[in-house]
Amino acid sequence: MIDQAGQLDRRITIQSFGTTTDDFGEVVKSFTTLANVWAKVEEKRGNEGEDGNQLVATKRVEFFIRYRSDINEQMRITYNNETYKIEAILNADSRKAFQKIVTRWAD
């Protein structure tokens, strides 16, 4: 949880999914940077499991940021050269000053 804004001491990038058209008229799907924001980062747990015939390592990370109305679960977060899929966005307090973003990183 966040007690004060000084706990937002890590820089993260929120990316949104979009489509563009390249020079040949082809539609290209890609992620673009929506915002670079300060965050508190809490690593929760990691585990391994099978996905098909492959062993996959996953970990859950929670990011706490100042409230934003323009993010959703189709976006992703990059932090320390790793990419995290957003699973849930929750209000971290009753005043909507902060948000908790629950993410998953999969190897």
Side-chain angles (χ1 to χ4, degrees):
M1 211 37 98
I2 294 283
D3 295 328
Q4 55 188 355
Q7 294 176 298
L8 306 176
D9 61 351
R10 301 288 186 255
R11 201 72 170 155
I12 66 169
T13 301
I14 301 171
Q15 296 180 328
S16 61
F17 185 74
T19 58
T20 58
T21 305
D22 66 11
D23 294 337
F24 302 104
E26 297 289 322
V27 175
V28 178
K29 298 178 182 178
S30 64
F31 280 92
T32 58
T33 297
L34 174 70
N36 292 305
V37 299
W38 291 102
K40 176 183 176 183
V41 180
E42 289 185 359
E43 292 189 19
K44 290 302 182 183
R45 67 179 190 271
N47 59 17
E48 292 182 350
E50 286 193 33
D51 182 17
N53 292 334
Q54 295 181 337
L55 188 62
V56 178
T58 62
K59 69 178 172 181
R60 303 238 183 254
V61 178
E62 294 178 354
F63 297 94
F64 293 85
I65 65 169
R66 290 189 184 274
Y67 181 83
R68 295 183 62 104
S69 62
D70 60 346
I71 59 174
N72 59 54
E73 286 82 1
Q74 285 72 47
M75 297 179 180
R76 68 184 188 181
I77 291 176
T78 59
Y79 169 68
N80 278 351
N81 296 321
E82 294 183 340
T83 302
Y84 299 86
K85 181 183 181 325
I86 296 177
E87 293 187 333
I89 302 168
L90 310 167
N91 288 327
D93 63 357
S94 60
R95 297 182 304 139
K96 288 189 175 180
F98 299 100
Q99 289 175 308
K100 175 169 80 170
I101 304 173
V102 180
T103 66
R104 177 179 48 87
W105 175 84
D107 183 20

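Fair warning: this is a prediction, and the values are worked out from it, not measured in the lab.
- In this structure, Arg66 fails the cation-pi test against Trp38, since its NZ or CZ atom is not both closer than 6.0 Å to the six-membered ring centre and inside 45 degrees of the ring normal.
- Put simply, OG1 on Thr83 and CD1 on Ile77 are 10.5 Å apart, with the number rounded to the nearest 0.5 Å.
- Side-chain contact between Leu8 and Phe98 is present, with heavy atoms from C-beta onward closer than 4.5 Å.
- By the 30° and 60° cut-offs, the orientation of the rings of Phe63 relative to Tyr84 is perpendicular.
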For residues 12-24, please give each side-chain donor-acceptor pair under 3.5 Å, one per line with the distance, not counting sequence neighbours.
| unit_1 | atom_1 | unit_2 | atom_2 | d |
| --- | --- | --- | --- | --- |
| Thr13 | OG1 | Asn36 | OD1 | 2.6 |
| Gln15 | OE1 | Arg76 | NE | 2.6 |
| Gln15 | OE1 | Arg76 | NH2 | 3.1 |
| Asp22 | OD1 | Phe24 | N | 3.0 |
| Asp22 | OD1 | Gly25 | N | 3.1 |
| Asp22 | OD1 | Glu26 | N | 2.8 |

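- Looking at Glu82 and Lys59, their side chains come closer than 4.5 Å, going by heavy atoms from C-beta outward.
- Contact detail for Leu90 and Val102: the closest heavy-atom pair is CD1-CG2, 4.3 Å.
- Residues Val41 and Met75 share a hydrophobic cluster, clusters being chains of Ile/Leu/Val/Met/Phe/Trp/Tyr side chains in contact below 4.5 Å.
- Between atom CG of residue Asn80 and atom CZ of residue Arg10 there is a gap of 8.0 Å, rounded to the nearest 0.5 Å.
- Ionic pairing of Lys44 and Glu42 is present here: one or more N-O contacts between side-chain nitrogen and carboxylate oxygen are shorter than 4.0 angstrom.
- Annotation: cation-pi pair Lys100/Phe64 absent, no NZ/CZ under 6.0 Å from the ring centroid and within 45° of its normal.
- To the nearest 0.5 Å, atom CG of residue Asn72 and atom CG of residue Leu34 are 9.0 Å apart.
- The line from OG1 of Thr103 to CD of Glu43 is 9.5 Å long, rounded to the nearest 0.5 Å.
- Lys85 and Glu87 are not joined by a salt bridge, as no carboxylate oxygen comes within less than 4.0 angstrom of a charged side-chain nitrogen.
- In the hydrophobic clustering of ILVMFWY residues, with side-chain heavy atoms under 4.5 Å counting as a link, Trp105 and Ile65 come out together.
- No single ILVMFWY cluster, assembled from side-chain heavy atoms under 4.5 Å apart, contains both Phe31 and Tyr79.
- Taking the salt bridge (charged side-chain N to carboxylate O under 4.0 Å, His left out) definition, one finds that Asp70 meets it with Arg68, sequence neighbours left out.
- Through direct or indirect side-chain contacts shorter than 4.5 Å among Ile, Leu, Val, Met, Phe, Trp and Tyr, Tyr67 is connected to no other residue.
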